[in-house]
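The structure under discussion appears below in the form of structure tokens.
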Amino acid sequence: MVVNPAHRLSDMRIATWNVNSVKQRIDSLTAWLAERSPDIVCLQETKCVDDAFPREPIEALGYNVAVHGQKTFNGVAILSRFRFDEVTPRLPGDAADEHARFLEATISTTRGVLRVASIYLPNGNPPDTEKYTYKLKWMDRLIKYANERLDLEEPLILAGDYNVIPTPRDVHDPAAWSKDALFLPRTREKFRALTHLGLTDAIRAVSDDPGHFTFWDYQAGAWPKNWGIRIDHLLLSPQAADRLSGAGIDKHVRSWERPSDHVPVWADLAIDPE
DNA sequence: ATGGCCAATATGATTGGA
């Protein structure tokens, strides 16, 4: 899906992609970076410690790399053609939470300042366990964080794998997902509480159509059957949404060799040079 | 929704993912 084919040179392109192991996906990642040419990229499920992150092939393409990983699971990163100003790991609100699921960066550019967060929101399945409790608490922390950041009235992008299917239009078969942690009413209610703070879902700002998916399960032939869901989102503060000029989902990447089960999502912001 | 997957781990079975 490409909503704005006329990409302006002055636009800033920001993307998010759950790569499901950055070491397994490094060749696909560099190929996609060359193809889509994003300025800023939020990655999730990097699944490696910081020392093992394959920085060199990414830096060779002109990106700065900020990482917050851990052994085996989770892990987030931000790639940027612009220099990082501040880089801060961990979502506030629970000092005991050791999961590497959040990384915030501020980026000073000749076009202004942007604040970006790479988010890997907990899956929460099965819903009758502490995993779902953790998900809901994590969402409460994210709402509090977003509320505080929105007070700054800056261009802010919260990009990542939210593990939330916002509406029935975002899933091939709503009934099949009705008892899943990604689509339960309490999950969707908390996501609405987040967006209702004043955040704009970039894809929904450019299209109301059903069938815009970002994830297809590896199992049961979900990809060839197009049994997908939309769970990777770019949420924009008003100051960022005012400048939204286009957004899209790089669905074709799912058909590449040894793909991630998620595909990249991107948005263009018309931020003019100073 | 599931017959069918994928990634990491001192691995050959288990856990987590969605």
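Within every chain, numbering begins at 1; the chains are lettered A, B, ... in the order of the sequence lines, protein sequences first and strands thereafter.
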Query raised in the report: OP1 or OP2 of dA8(B) sitting under 4.0 Å from any side-chain N/O of S21(A)?
Result: yes
Report task. Go through the structure and list residues passing side-chain contact (heavy atoms from CB on, under 4.5 Å) with L91(A), not counting sequence neighbours. Result -> F102(A), W138(A), R141(A), L142(A), Y145(A)
Query raised in the report: When the nearest nucleotide of DNA chain B is assigned to K47(A) and to G124(A) on a heavy-atom basis, which residue is associated with the more 5' position?
Result: K47(A)
Report summary line: Whole-Å distance, K131(A) NZ to dA18(B) C1', equals 12 Å
Report summary line: So, with a heavy-atom separation below 4.0 Å from DNA chain B, the residues of residues 221-232 of chain A are K225(A), W227(A), I229(A), I231(A)
**Report entry** Proximal nucleotide (of dA7(B), dA18(B), dC5(B)) relative to the Y218(A) side chain
**Finding:** dC5(B)
Requested in this report: Remember a base hit wins even if backbone is also touched, and classify D261(A) as base, sugar-phosphate or nothing at under 4.0 Å, heavy atoms.
Outcome: nothing
Report task. Under the side-chain hydrogen bond (donor to acceptor under 3.5 Å, both in side chains) rule, collect the residues that match up with D85(A), sequence neighbours excluded. Result -> S108(A)
Requested in this report: Starting from C1' on dG17(B), measure out to CG on N163(A) and report it in whole angstrom.
Outcome: 8 Å
Report task. Share the residues that join W227(A) in a hydrophobic cluster, the rule being Ile, Leu, Val, Met, Phe, Trp or Tyr side chains under 4.5 Å apart at the heavy-atom level. Result -> none
Query raised in the report: Under 4.0 angstrom, heavy atoms only, what part of the nucleic acid is N74(A) near: base, sugar-phosphate, or nothing?
Result: nothing
Requested in this report: Answer with base, sugar-phosphate or nothing: what part of the nucleic acid does R254(A) contact at a heavy-atom distance below 4.0 Å?
Outcome: nothing
Query raised in the report: What about N20(A): does its side chain form a donor-acceptor pair under 3.5 Å with the base of dA7(B)?
Result: no
**Report entry** 5'-most by nearest nucleotide on DNA chain B - H172(A) or D217(A)
**Finding:** H172(A)
Query raised in the report: Under 4.0 Å between a side-chain N or O of H262(A) and OP1 or OP2 of dG17(B)?
Result: no
Requested in this report: Supply the members, apart from V49(A), of the Ile/Leu/Val/Met/Phe/Trp/Tyr cluster built from side-chain contacts under 4.5 Å; use none for a lone residue.
Outcome: none
Query raised in the report: Distance between the P atoms of dC6(B) and dA18(B), in whole angstroms?
Result: 15 Å
Query - I231(A): hydrophobic cluster co-members (side-chain, 4.5 Å) - result: I165(A), V171(A), W177(A), L182(A), F183(A), F215(A), I229(A)
Query - ring-ring contact (aromatic ring centres under 6.0 Å, His included) contacts in which one or both residues fall within residues 10-44 of chain A, not counting sequence neighbours - result: W17(A)-W32(A)
Query - Any Y120(A) side-chain N or O less than 4.0 Å from OP1/OP2 of dA18(B) - result: yes
**Report entry** Lys/Arg-Asp/Glu bridge criterion (N-O < 4.0 Å) met for D94(A), K137(A)
**Finding:** no
Query raised in the report: If you look at every strand shown and take non-hydrogen atoms under 4.0 Å, does K135(A) touch a base, only sugar-phosphate, or nothing?
Result: nothing
Report task. Ignoring backbone atoms, establish whether R25(A) has a side-chain N or O less than 4.0 Å from OP1 or OP2 of dC6(B). Result -> no
Report task. Assign A175(A) to base, sugar-phosphate, or nothing according to its heavy-atom contacts below 4.0 angstrom with the strands shown. Result -> sugar-phosphate
Pairs under 3.5 Å (N/O, protein and nucleotides 10-14 of chain B):
from: dA10(B); atom 1: OP1; to: K71(A); atom 2: NZ; distance (Å): 2.7

Query raised in the report: Given dG4(B), dA7(B), dG17(B), which nucleotide is nearest the side-chain atoms of Q24(A)?
Result: dA7(B)
Requested in this report: Looking only at side-chain atoms of L182(A), point me to the closest of dA18(B), dG17(B), dA7(B).
Outcome: dA18(B)
Requested in this report: Check the pair D173(A) / K225(A) against salt bridge (charged side-chain N to carboxylate O under 4.0 Å, His left out), numbers first and verdict last.
Outcome: CA-CA 12 Å; D173(A) 182 359; K225(A) 293 172 184 169; over 6 Å; no
Query raised in the report: Quick one: ring-ring contact (aromatic ring centres under 6.0 Å, His included) pairs with a partner in residues 48-71 of chain A, sequence neighbours left out?
Result: none
Requested in this report: Taking the side chain as every heavy atom from C-beta outward, state whether T187(A) and Y132(A) have any atom pair closer than 4.5 Å.
Outcome: yes
Requested in this report: Would you please confirm or rule out a distance under 4.0 Å between OP1 or OP2 of dA18(B) and any side-chain N or O of N18(A)?
Outcome: yes
Query raised in the report: What is the distance from CZ of F183(A) to P of dG17(B), rounded to the nearest Å?
Result: 21 Å
